[in-house]
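Each chain gets a letter, A, B and so on, in the order the sequences are listed, and its residues count up from 1.
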There are 2 protein chains.
Amino acid sequence: MLSLHQLRCFLATYEQGSLTAAAEELGYAQPSVSEQIRGLEQTLGVQLFRRVGRGVIPTTVADTLRPHAERTLAAAEGTRLAAQQVRRIETGTIRFGMFGVARLYAGADLVADVLERHPGVRVELIGQNSSEVHEDLRRGRLEAAMIAMPSVTSEGMEVRPVARDEVVYVSADPTHLERPVTARRLAEAQLVMPDTSWRHDDSVRTLLRQMLHGTGLNPTTRIEVEDPEIAVELMGRGYGDTVLPRGAAEVLLPRLAPHAGYVSLRPRLYDYFAVVHRAGAVLSPAAQLMIELATARIQRIAEPL
Amino acid sequence: MLSLHQLRCFLATYEQGSLTAAAEELGYAQPSVSEQIRGLEQTLGVQLFRRVGRGVIPTTVADTLRPHAERTLAAAEGTRLAAQQVRRIETGTIRFGMFGVARLYAGADLVADVLERHPGVRVELIGQNSSEVHEDLRRGRLEAAMIAMPSVTSEGMEVRPVARDEVVYVSADPTHLERPVTARRLAEAQLVMPDTSWRHDDSVRTLLRQMLHGTGLNPTTRIEVEDPEIAVELMGRGYGDTVLPRGAAEVLLPRLAPHAGYVSLRPRLYDYFAVVHRAGAVLSPAAQLMIELATARIQRIAEPL
DNA sequence: GTGAAAGCATAGGCAGATCCTTGGGATGAC
DNA sequence: GTCATCCCAAGGATCTGCCTATGCTTTCAC
């Protein structure tokens, strides 16, 4: 079987014109190189050098094969080099999970932070929602992620909360914002809620369900949409109120519903942001980098823990 | 140390998405492939697959390295293929030794014969003279050759005569050609001799020296030139006679000295053509081919043995 | 929920490859 | 002729590669 080691010995011998010199260059004893050359000649079925008493002389076959051997070794070196560069995060792809609203807060800045420090890399910010990210983590498609809690159960996952953001009641009607909103008021509200497809996993929905659980009530969602932007815009036009993490409200309201405001719930509810990865996993440098940068960004918007 | 085997296992695993499937494709047991992957990850210092209970998932590092691994394996395959082609004489260089007058007889036809059968090869017909060829053989720079005998001693060489050519006396003066030329007549002649630089090794000169040895005489060389063509042309203009192998005379006279003729020496002298290579050498297919074709060509011009 | 199947890791053992040292033969320089 | 150089050959130590057997985790079907 052809091996890189054989090719290295071949090239050294060809260039040095001597097995002894080649062995010295490669740091081996002379018989070892001799054996490699013999093995190469046997696997290829050709004679590469004529042994002529003292010294060896390359045959025309050796002349022909030399550029091929050089190409092969160069390609192998390229492989090694590419791995080195990836290891130093000079190149390659960084894939990181981040669900909807966290990405809304910090996504663009996070990518900018990464590219600032590592201009050569590709960045993939994966995940429409928290539970999809969770599934990707579990299946190994993602190494680490920033998710919102409480969410689906996290068996086999290591979850480290890094920040929390209050969940607030948002309305374009000032009379709805005069006092903190209780469970009873919430149950009576007409709501425009985003993230319809994920309503069973979404952390804000989960919080609201927990809040109303003791009262036997359910919030009325008058309108269900996918995008928080659409929900906010509809809320601004008076089609209903909505419930959002405060960070999202502060990002979206000035742009989409300048006349709307928000107020706390009573009791206050909090959405937690956490770093998640498989329990017991050794994180790559790239994942550690993403975790560090994402945490820093989230903590500039939400409340650090 | 990086190895082709590791890269083969890596690619098979990447494409199959499973160590077990890769092992089956490669014809190994699963733990063997597993070990190779682990070794590759260790030598490169990166994680290529995430082990996730059932199955493995390639990391983004694996995505990045895959094309490099493919290039490397393709280059290695190219090396193997090139060797195969050389072995079948489909490509590569054929180097063969042939000294002056033999090349004059058969050189162009020999090259044509080779290219007819093996259109992809390069051909090198090496050697200004017999003794240079001999030295190249001894040093290993040439594998085999066609030389003229008697020449320098052939210790360590295997010499197989394949044809002989009579050495004849050539003159533009018909009176010189009426009878076979004896040693006495030869010693009195004014000669124009080619191959000046090699006069001590040249086989025709050696024959003449042997012929005159018993008489205590030396041939008078009025003019010494390098090329047989020049010698024949000067002879044709009457500046002297010359001595040549008959094959050379028949090639050169019609073109360069149409009024000249030739006659035998007494006793007759013969130049022998022989195939030569290092004693005990195993000849490559290319060398065997050249020997076969060169022998056939020489035997169509000179007298086969 | 439970058992069966799939897939990877680990452990132990065997065969072959790799590498070294020592010694012998051929060649070339003086 | 003598010595130095350079290759091959042989023997032994170590390492690598590969196998089988086994255990653990995840996945899937009932």
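Nearest-nucleotide assignment on DNA chain C puts the 5′-proximal partner with Arg51(B), out of Arg51(B) and Val52(A). Mapping Arg139(A) and Arg38(A) onto DNA chain D via the closest heavy atom, the residue that lands nearer the 5' end is Arg38(A). For Arg138(A) and His5(B), each mapped to the nucleotide of DNA chain D holding its nearest heavy atom, the one lying further toward the 5' end belongs to His5(B).
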**Request:** Using the side-chain contact (heavy atoms from CB on, under 4.5 Å) rule, take Glu24(A) and Gln16(A) through it: C-alpha gap first, then chi angles, then the decisive distance, then the call.
**Result:** CA-CA 10 Å; Glu24(A) 185 158 352; Gln16(A) 299 282 341; over 6 Å; no

**Item:** CA sep, side-chain torsions, deciding dist, call: Arg278(B), Val52(A), side-chain contact (heavy atoms from CB on, under 4.5 Å)
**Value:** CA-CA 9 Å; Arg278(B) 294 174 65 85; Val52(A) 44; 3.4 Å; yes

**Request:** Evaluate the criterion salt bridge (charged side-chain N to carboxylate O under 4.0 Å, His left out) for residue pair Glu77(B) and Arg80(B); output intermediate values, then yes/no.
**Result:** CA-CA 5 Å; Glu77(B) 180 61 15; Arg80(B) 205 185 59 78; 2.7 Å; yes

**Prompt:** Yes or no on side-chain contact (heavy atoms from CB on, under 4.5 Å) for Leu26(B) and His5(B), after CA distance, side-chain angles and deciding distance?
**Reply:** CA-CA 10 Å; Leu26(B) 296 170; His5(B) 190 196; 5.9 Å; no

**Message:** Using the rule given for side-chain contact (heavy atoms from CB on, under 4.5 Å), can you reason through Leu289(A) versus His118(A), listing the C-alpha separation, both sets of side-chain angles and the distance that settles it, and then say yes or no?
**Reply:** CA-CA 10 Å; Leu289(A) 170 77; His118(A) 301 281; 3.5 Å; yes

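Note on Val56(B): only backbone sugar-phosphate atoms sit closer than 4.0 angstrom, heavy atoms only; bases stay farther off. Residue contacts shown for Arg50(A) are absent, as no nucleic acid heavy atom lies under 4.0 Å away.
Between Gln288(B) and Leu283(B), the shortest heavy-atom distance links the atoms NE2-O, 3.0 Å. Closest approach of Val133(A) to Gly127(A), counting heavy atoms only: CG2-CA, 3.6 Å. Between Ile291(B) and Ala144(B), the closest heavy-atom pair is CD1-CB, 4.0 Å. For the pair Tyr14(B) and Phe49(B), the tightest heavy-atom approach, listed with the atom from each and the gap, is N-CZ, 3.8 Å.
Taking OG from Ser284(A) and CE from Met290(A), the interatomic distance works out to 10.5 Å, rounded to the nearest 0.5 Å. To the nearest 0.5 Å, the span separating CZ on Arg66(B) from OG1 on Thr64(B) amounts to 10.5 Å.
Between Arg160(B) and Glu158(B) there is no salt bridge, since none of the side-chain N atoms of the basic residue sits less than 4.0 Å from a carboxylate O of the acidic one.
With sequence neighbours left out, Arg50(B) forms a side-chain contact (heavy atoms from CB on, under 4.5 Å) with Glu143(A), Gln47(B), Thr59(B).
Residues from residues 30-37 of chain B lying near DNA chain D, meaning a heavy-atom separation below 4.0 Å, are Pro31(B), Ser32(B), Glu35(B), Gln36(B) in numerical order. Listed by residue number, the members of residues 12-29 of chain B with any heavy atom below 4.0 angstrom from DNA chain D are Gly27(B), Tyr28(B), Ala29(B).
By the 4.5 Å heavy-atom criterion applied to side chains, Leu44(B) and Leu65(B) are counted as neighbours. Residues Val114(B) and Phe96(B) fail the side-chain proximity criterion, which asks for heavy atoms closer than 4.5 Å.
Scanning DNA chain C 5' to 3' for nucleotides with an atom closer than 4.0 angstrom to a non-hydrogen atom of chain B gives a first and last hit of dA5(C) to dG28(C). Once you apply a 4.0 Å limit to the heavy atoms of chain B, the touched nucleotides of DNA chain D run 5' to 3' over dG17(D) to dT27(D).
One axis for each end of the helix from dG1(C)-dC30(D) to dC30(C)-dG1(D), each built from five base pairs, and the angle between them comes to 30° at 10° resolution.
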